[in-house]
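Single-structure report; data block below.
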There are 2 protein chains.
Amino acid sequence: MNLKELAQKLGLSPTTVSRALNGYPEVSESTRARVTAAAKRHNYRPNTRAIRLATGRAMAIGHVIPTASRHEIMNPVFADFIAGAGETYARNGYDLILSIVPDDDEDRIYRDLHARGTVDGIIVHGPRLNDPRLRLLDDIGFPYVVHGRATGTVTPYSWLDVNNRRAFRRATEFLLDFGHRRIALINGLEFMDFAIRRRTGYLEALAARGIAADPDLMSSEEMTELRGYRAACAMLRHDAPPTAFLASSMISGLGLRRAIEERGLRLGTDISVIIHDDALSYLPNGDDVPIYTATRSSVREAGRQAAEMLLDIIAHPASAPQQRLLEAELIIGQSTGPVPAPRRS
Amino acid sequence: MNLKELAQKLGLSPTTVSRALNGYPEVSESTRARVTAAAKRHNYRPNTRAIRLATGRAMAIGHVIPTASRHEIMNPVFADFIAGAGETYARNGYDLILSIVPDDDEDRIYRDLHARGTVDGIIVHGPRLNDPRLRLLDDIGFPYVVHGRATGTVTPYSWLDVNNRRAFRRATEFLLDFGHRRIALINGLEFMDFAIRRRTGYLEALAARGIAADPDLMSSEEMTELRGYRAACAMLRHDAPPTAFLASSMISGLGLRRAIEERGLRLGTDISVIIHDDALSYLPNGDDVPIYTATRSSVREAGRQAAEMLLDIIAHPASAPQQRLLEAELIIGQSTGPVPAPRRS
DNA sequence: TAGCCTGTCCAAAGCGGTTTGAAATTGATT
DNA sequence: AATCAATTTCAAACCGCTTTGGACAGGCTA
């Protein structure tokens, strides 16, 4: 059942039927009622492909997920971010198109997506230092919103980010206030922007108290359980081991905990740990009382908001770039406490 | 730059240009060369929306991910499955459209996707017992492939699944061979088909050795770290605690390990554990030597193959439903061993 | 009564490709 | 030289919608 057939059945022109269904004013309320009734009865659904061609809009948003070709990691936060964004799209009649792309091919994909009119805009995932993609997208005039930021880019662009620097600064200060002086950082890979900012916040907090950062206590790895475990093991073997850890993700945090408990140390008593909690649905941080003290920020909510920003930018192309900085909460769990009295061994 | 303009520049008709670019034989090789050269020079990209309308094909596949409205879990295996499927789509010029849908609304979404011609086919995720979606999709004549199976559905349909029953049967037998008699199962939610099959395999193995299953040693929960931990704690407090565990996912397995080590027990020595390992990229099971003994099957590879099946079904609509059963490997890690001699406490 | 809005409706022209059916060209055959 | 088939090219229809630019009827004003 297409528009023409429906119009014929009603004895109306396609024009009128189209307008009736799309809420245009130049149609009498009585015929509008007739049309909507008939449309429902024959369960007419306008063909997406035709609408898209006729209107020149794709009614779709592209999410381009780079899979760094070397290590094929599919960042687990994407799933929740996309779930959040998907809610916004669904409400607004947009589709979500997902491209998983080896990152040496991204240029071509972006150009294609734009030139072929497959999507109306893009969410940029996983921004790096001086990320060249933003320049490219600006050049071809493609609306986009970055999830995160790209340190080094000077021209204004639209982004939505968590205040990673402040979150990690606060977390570090919190540990310092407990008397910790040897605080380790188990970070993500530091060509990723978020990891750079977290390190900065951590270093700022240390510097503000006049504490020199120890390179031995800073690791920068993929955020898997195993890497977290390994990094923590190495640090705990140190002559002057850390009394507290900062971990960049829940998953690293699980590995970290394993390393700690394996040594017979108790989390929150012998060793303090703060993680960053993206509030992933399948990795809840306890039910009522959080297990980990954490800097928390829902990546799902970030997805919702980033999608809203992008739709707004698409609707108002002339407007200036938008930015939104979400603050992470510092939530207190059972994984932090004062520095224990030195044990005699 | 569109087809008409390109044709004009070349002094050819749009027809010829279109055919030249699409490899039709009724075009001389010399003009084809001219056309392709010009297309590249002006970097002409045919408009997706126009192609879709003209050909009547969406060149897109829908992945409908149900978020059971009660518990908003975004299953982490989706990310890797989709990454695998995405590779196949990219190779074949298809887009991947992702809809995250509260599961009371799925009917409408499927009907819409079909009637509006947004996608050419569907991958059905997370099949349940007697899943009503398959019936619906058959009724409206929508090509689809199920990731998993739907016990209770009698009419043939296309699916790709891991042999969950055999995998868990083998895993259980492996533990039995080590002398374990109290073997616990930490399963996923048992309205999910895969969970039912895993339990079946487990029960079969026990029954074959004449061992009665103990309901206290079987839990059925969301597969999060915390649930795994809780379930394991409860079982370890049992009067006759299990000496071995089977866990339905790596994440449950992490919680399980925590419960074990928290009690001062050693994994693989005091307590044996086998998990199911979906080979998720961000949850590797060790590098060289696997940490967990596991039934392993790459969900990413499953995504690749399911996508291939679906594209094939779309290309040959008349063909019979296809099925593919992947066998899981049983890989031996460090988490299993013989039953320890009873300790005196 | 003519002229002018206003409110409804419609024919037709897009959107940018593909595809059908026919025309023009070429080469081989008689 | 004429005929025919094969090769190459093209004009036009089509996909199913939106949107432009009227047309038409009825009520008002001048």
Side-chain angles (χ1 to χ4, degrees), chain A residues 1-36 38-39 42-60 93-95 112-120 315, chain B residues 1-36 38-39 42-60 93-95 112-120 315:
Chain A
M1 169 66 49
N2 61 19
L3 185 65
K4 207 191 293 182
E5 290 168 23
L6 184 63
Q8 213 141 29
K9 275 202 203 301
L10 282 161
L12 287 171
S13 75
T15 310
T16 305
V17 175
S18 167
R19 295 198 148 143
L21 292 175
N22 292 320
Y24 283 72
E26 54 271 77
V27 133
S28 75
E29 281 311 314
S30 65
T31 59
R32 190 193 304 281
R34 261 182 67 216
V35 171
T36 39
H42 299 94
N43 55 66
Y44 163 71
R45 265 118 164 164
N47 184 296
T48 322
R49 301 190 288 259
I51 293 179
R52 287 174 176 172
L53 179 56
T55 59
R57 295 181 306 161
M59 295 305 287
Y94 275 75
D95 283 335
D112 252 46
L113 247 28
H114 183 252
R116 313 177 70 125
T118 315
V119 302
D120 296 318
Chain B
M1 170 65 47
N2 60 21
L3 185 65
K4 206 189 294 180
E5 290 168 22
L6 184 64
Q8 213 141 27
K9 275 201 204 301
L10 283 161
L12 288 171
S13 75
T15 309
T16 305
V17 175
S18 168
R19 295 199 149 142
L21 293 174
N22 291 320
Y24 282 71
E26 53 270 79
V27 136
S28 74
E29 280 313 315
S30 65
T31 59
R32 190 193 304 281
R34 262 182 68 217
V35 171
T36 39
H42 298 93
N43 55 67
Y44 162 71
R45 265 121 165 160
N47 184 296
T48 322
R49 302 191 288 261
I51 294 180
R52 287 174 175 172
L53 179 56
T55 60
R57 295 181 307 160
M59 295 305 286
Y94 275 75
D95 284 335
D112 253 46
L113 246 29
H114 183 252
R116 313 178 69 126
T118 314
V119 302
D120 295 320

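A, B, ... follow the sequence lines: proteins, then strands. Residue 1 opens every chain.
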Next item on the list: Mark yes or no for whether Asn22(A), through its side chain, and Tyr24(A), through its backbone, hold a donor-acceptor pair below 3.5 Å.
Entry: no
To the nearest Å, give me how far apart [atom1] ([X]) and [atom2] ([N]) are.
| X | N | atom1 | atom2 | answer |
| --- | --- | --- | --- | --- |
| Arg52(A) | dG17(C) | CZ | P | 17 Å |
| Tyr24(A) | dC17(D) | OH | C1' | 11 Å |
| Asn2(A) | dC17(D) | CG | P | 5 Å |
| Arg116(A) | dG16(C) | CZ | P | 15 Å |
| Arg49(A) | dG17(C) | CZ | P | 17 Å |
| Met59(B) | dG17(C) | CE | C1' | 14 Å |
| Met1(B) | dG17(C) | CE | C1' | 15 Å |
| Arg57(A) | dG14(C) | CZ | P | 21 Å |

Notebook entry, point to check: Is it the case that more than 12 heavy atoms not belonging to Arg57(B) sit under 6.0 Å from its CZ atom?
Noted result: no
Notebook entry, point to check: Within the structure, does a side-chain N or O atom of Tyr44(A) lie under 4.0 Å from either OP1 or OP2 of dC17(D)?
Noted result: yes
Next item on the list: Report yes if a side-chain nitrogen or oxygen of Asn22(B) is closer than 4.0 Å to either non-bridging phosphate oxygen (OP1 or OP2) of dT18(C); otherwise report no.
Entry: yes
Note to self: Quick one, Met59(A) and Thr48(A) - any side-chain contact, counting heavy atoms below 4.5 Å?
What the structure shows: no
Check: Is there a side-chain contact between Thr16(B) and Val27(B) (heavy atoms, below 4.5 Å)?
Finding: yes
Item checked: Residue pair Leu10(B) / Ala38(B): nearest heavy atoms and the distance that separates them -> CD2-CB, 3.8 Å
Notebook entry, point to check: With the threshold set at 4.0 Å, does a side-chain nitrogen-carboxylate oxygen contact exist between Asp95(A) and Arg52(A)?
Noted result: yes
Note to self: I want to verify a distance call: between dT18(D), dG16(C), dC17(D), whose nearest atom is closest to the Thr55(A) side chain?
What the structure shows: dT18(D)
Checklist line | Contact state string [nucleotides 6-11 of chain C, B base, S sugar-phosphate only, - no protein heavy atom under 4.0 Å] | finding: --BBBB
Next item on the list: Would you mind classifying the nucleic acid contact of Ile51(B) as base, sugar-phosphate or nothing, using non-hydrogen atoms under 4.0 angstrom?
Entry: sugar-phosphate
Check: Would you say the side-chain atoms of Ser18(A) and Thr15(A) include a donor-acceptor pair closer than 3.5 Å?
Finding: no
